[in-house]
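One structure below.
Please read these numbers as outputs of a predicted model, since none were measured by experiment. Every chain is numbered from 1, with letters handed out A, B, ... down the list of sequences.
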Amino acid sequence: MYLSSSRSGDVSTGVRGGPAPASEPDGPDGAEGPVAPDARAVPSDRSAPDAPRAQDRPRGRLARIVAPNVLALGMVSMVTDVSSEMVTAILPVYLVLGLGLSPLAFGMLDGLYNGATAFLRIAGGHVADRTRRHKPVAGFGYGLSAACKLALPAAGSVPVIGAVIAADRMGKGVRTAPRDALISLSSPPGGQGRAFGVHRAFDTAGALLGPPVALAVLWFTAQAYDAVFVVSFCLAAFGVLLLCLYVREVPCALPVSAPRPRLREALAVLRVPAFARLCGYALVLGAVTIGDGMVYLLLQREVDLRPHLFPLLPFGTALGFLLLAVPVGLAADRIGRLRVFLCGHVVLLGCYAVLLAPLPRAVLICAPLLLLGVFYAATDGVLMAVAAPLAPARLRGGSLALVQTGQAAGRAVGAIGFGAAWTAWGPHTALIAAAAALATAGGAAAAVAYRCRAAAPPHSERSEHPKHSEHRPHSPQPPSEDAR
Amino acid sequence: MTRTARTTVLAVVTALLIGIAVAYTWHAAGRSEAGPDQELTEVTLDEPGRILFRTTQAGTGRDHMAALDLADTGADDGKDPRRISPTSCLVFHAAKGTAVCLKLANAALHTYNAVILDRRLMPVDSREMAGTPSRTRVSPSGNLAAWTSFVGGESYAGLDFSTRTAILDRRSGTLHDNLEDFAVIRDGKPYKAADINIWGVTFAADDNRFYATVATDGHRYLAEGDLAARTLRTIRDNVECPSLSPDGTKLAYKKRVEGADPDRPWKLFTLDLATGTETLTTETRPLDDQAEWLDDRTLLYNLPGDLRADVWSVPADGTGKPTLVVRHALSPTVLRP
């Protein structure tokens, strides 16, 4: 399989050199002394498949492909997303028509808080790793966001509303990494793709349901915004309840006396070549992504779009994401998660190409949305699925947060860069430049990934996957990998 | 926790949450219908000396357009003889027999239209809006109409906002769908950017020149627009929501003041276009509105109040002090001869 072979390539050919000790899970050897991530971190991910014992009695169809814990987390995310998207959908209306505020003042506040959220993401992941309690940390994040739903109608001025929304996003920042760590720790390494695929499908379903629910409440109450906030709060609280009752903490396969990871150690996961490379892909590819807002803006310039349709564009993207998250996740497990992640960027390149091509109107409206949906399906959850097995179980939360932060930082840089290109050359040339940058960065990432995979000697692959690799030591994609 | 206990807790807490949600929604639905029955009568644009506004008083006429004689304004308790029309609008402006009414087009999809009304407030034309209504203005001649919407959610799972402003020429039916397509000249040089946002148009008497806010690159510029040439030229920084006086000599706008309370950075200023002299009005409260001129010396504007908003006035020359004009009212429009 693409991912695992590229990883084993790192182990044996990485800068630090020397084949990695294949049979040393994160054990008490990490007690003290300088961190030696290559030696300890990489092999330790094999504790992941041993951790979950939840799949003993599969029930429904979904339960057969993912662990019950993943389903439970999916439900929590879905309910929470209904809640938060309800608020997102009506917030501009509430601010502009309900309070008579200028949301542009507010958009400025928003940018300031983004940095804080990225930091909190790492903090949330690390605290969860350190305390070995992902569930309470995630629960705190969900609870904080729920409380904010009630605080919103009480806040009357821009700074207070800004602060409440910042707290809401902090909750999101804190909970994301521990939640993703729980998903990955509940699933075998060969099933990471489908686990994240199923979770993201639930998540997106919630995002799609939120706005109609909010509009229904508004319609029923004749524009009583506070009722929307209260219903949103009840849903968020229900999400916390589901988390408390049905999400199980995944016990770490470590003795209680084992040392707790320090922050330095958490960051040292970056010294694992494969993991560092993945962060590099996420950062660089993020930096050549122009963001959906820009895609919609360009779309609107290309087609004479009915104004009423404009706010509906993100729904097209979300729908594509929803429908494809699970199939793409399954495919990722089968043909290689890193491969699918990189292919997702080819799809994005296709999206840019469609925007540049003289196509019929209907195609020009639908195709970019669909391609954007495919892009998200192939990159959002899949990135986590690539990253999770590369990080040791005990550092899982912090490691996933690092990848996410790398991607977010890349995207922020990308947005600034695209804005500057637009200013300098105009939208059309800027898009061509973005497509060229994406093609270059994607090609480079694929070349690096291919090289590292090709350099992987068969024996190290066997040491990583003794059960399967002996059948196809050279095959980049053993289909039996996910047979567990 | 055993399975039974877990199921019990789930059932009890879920029932409680559903109860709260349903009860509150029910209560809110009843509350919005509360209030006295208000008589609806015809209101026209041929009533110089009156002001039109969206009334937010509780009752059946809430959010309808209402008219009040200037002589009857200033009632502190909101008990004024306002005449409420059958027409309801979210944002409204009118001049010379033409009105623009920004209103909900489809409650289920939350789409909005800019509806052109004649002098009897009957719809004669309608255009789709891209987002939530924000500002609208009609030119003094009644020939041009501009409206701004906020477009939220352009980014998936993001929270950024942008604006879209359109200008309709009623004589030819030409719609300038998005002023961001106009050529922007910043500090004398042609300027392009992805992050340009334009809002708050105000028209001059010649049906060609207009002023608007152009936000880009962290600045909010006062810009002078030329409709025929499709250009926007920045003339001042840190300025929002301009409004041209009826005699065309002064602009009123919000200006961000250095060192001001971050909670309320905007102050209401007027600018003498001939001399370039800026005058600070005596209004010190937080303000977020595009002012309307009562006459060539007095400004009208909204401030947050009990039932959403009240209309206040203040002298344009920096003297006097703010006075209450209409309680529970939004979108004030002065009907001129």
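How far OG1 of Thr14(B) is from CG of Leu242(A): 7.0 Å, rounded to the nearest 0.5 Å.
Ranked by non-hydrogen atom pairs under 4.5 Å with chain B, the options Leu313(A), Ile90(A), Thr423(A) are led by Thr423(A). The candidate with the highest count of non-hydrogen atom pairs below 4.5 Å against chain B, out of Phe238(A), Phe418(A), Phe233(A), is Phe238(A). Put simply, of Pro133(B), Ala194(B), Ser134(B), Ser149(B), the one with the most heavy-atom pairs under 4.5 Å next to chain A is Ala194(B). Among Ile196(B), Leu104(B), Asn113(B), the residue making the largest number of heavy-atom pairs under 4.5 Å with chain A is Asn113(B). Contacts with chain A were tallied for Ala193(B), Ala21(B), Cys241(B); Ala193(B) has the most, counting heavy-atom pairs under 4.5 Å. When the candidates Ser84(A), Ala421(A), Ala227(A), Cys234(A) are compared by the number of heavy-atom contacts under 4.5 Å with chain B, Cys234(A) comes out ahead.
Between Trp422(A) and Lys192(B), the closest heavy-atom pair is O-CB, 3.9 Å.
Looking at Asn178(B), only its side chain comes within 4.5 Å of chain A, counting heavy atoms on both sides. The part of Leu218(A) that comes within reach of chain B is its side chain, from C-beta onward, which places non-hydrogen atoms under 4.5 angstrom from that chain. Proximity to chain A (any heavy atom under 4.5 Å) is shown, for Tyr112(B), by both the backbone and the side chain. Proximity to chain B (any heavy atom under 4.5 Å) is shown, for Leu235(A), by neither the backbone nor the side chain. Contacts of Leu245(A) with chain B are made by both backbone and side-chain atoms, with heavy-atom separations under 4.5 Å. Heavy-atom distances place no part of Leu16(B) under 4.5 Å from chain A, backbone and side chain included. Using a 4.5 Å cut-off between heavy atoms, Ala5(B) makes no contact with chain A at all. For chain A, no part of Asp217(B) is nearby; none of its heavy atoms comes within less than 4.5 Å. No part of Val22(B) comes within reach of chain A, as not one of its non-hydrogen atoms sits under 4.5 angstrom from that chain.
Annotation: salt bridge (charged side-chain N to carboxylate O under 4.0 Å, His left out) contacts involving residues 15-27 of chain B, sequence neighbours excluded, are absent.
Using a 4.5 Å heavy-atom threshold, the side chains of Asn106(B) and His308(A) count as separate. Side-chain contact between Leu241(A) and Leu10(B) is present, with heavy atoms from C-beta onward closer than 4.5 Å. Contact of the Glu180(B) side chain with the Gln300(A) side chain is not registered, since no non-hydrogen atoms from C-beta on lie closer than 4.5 Å.
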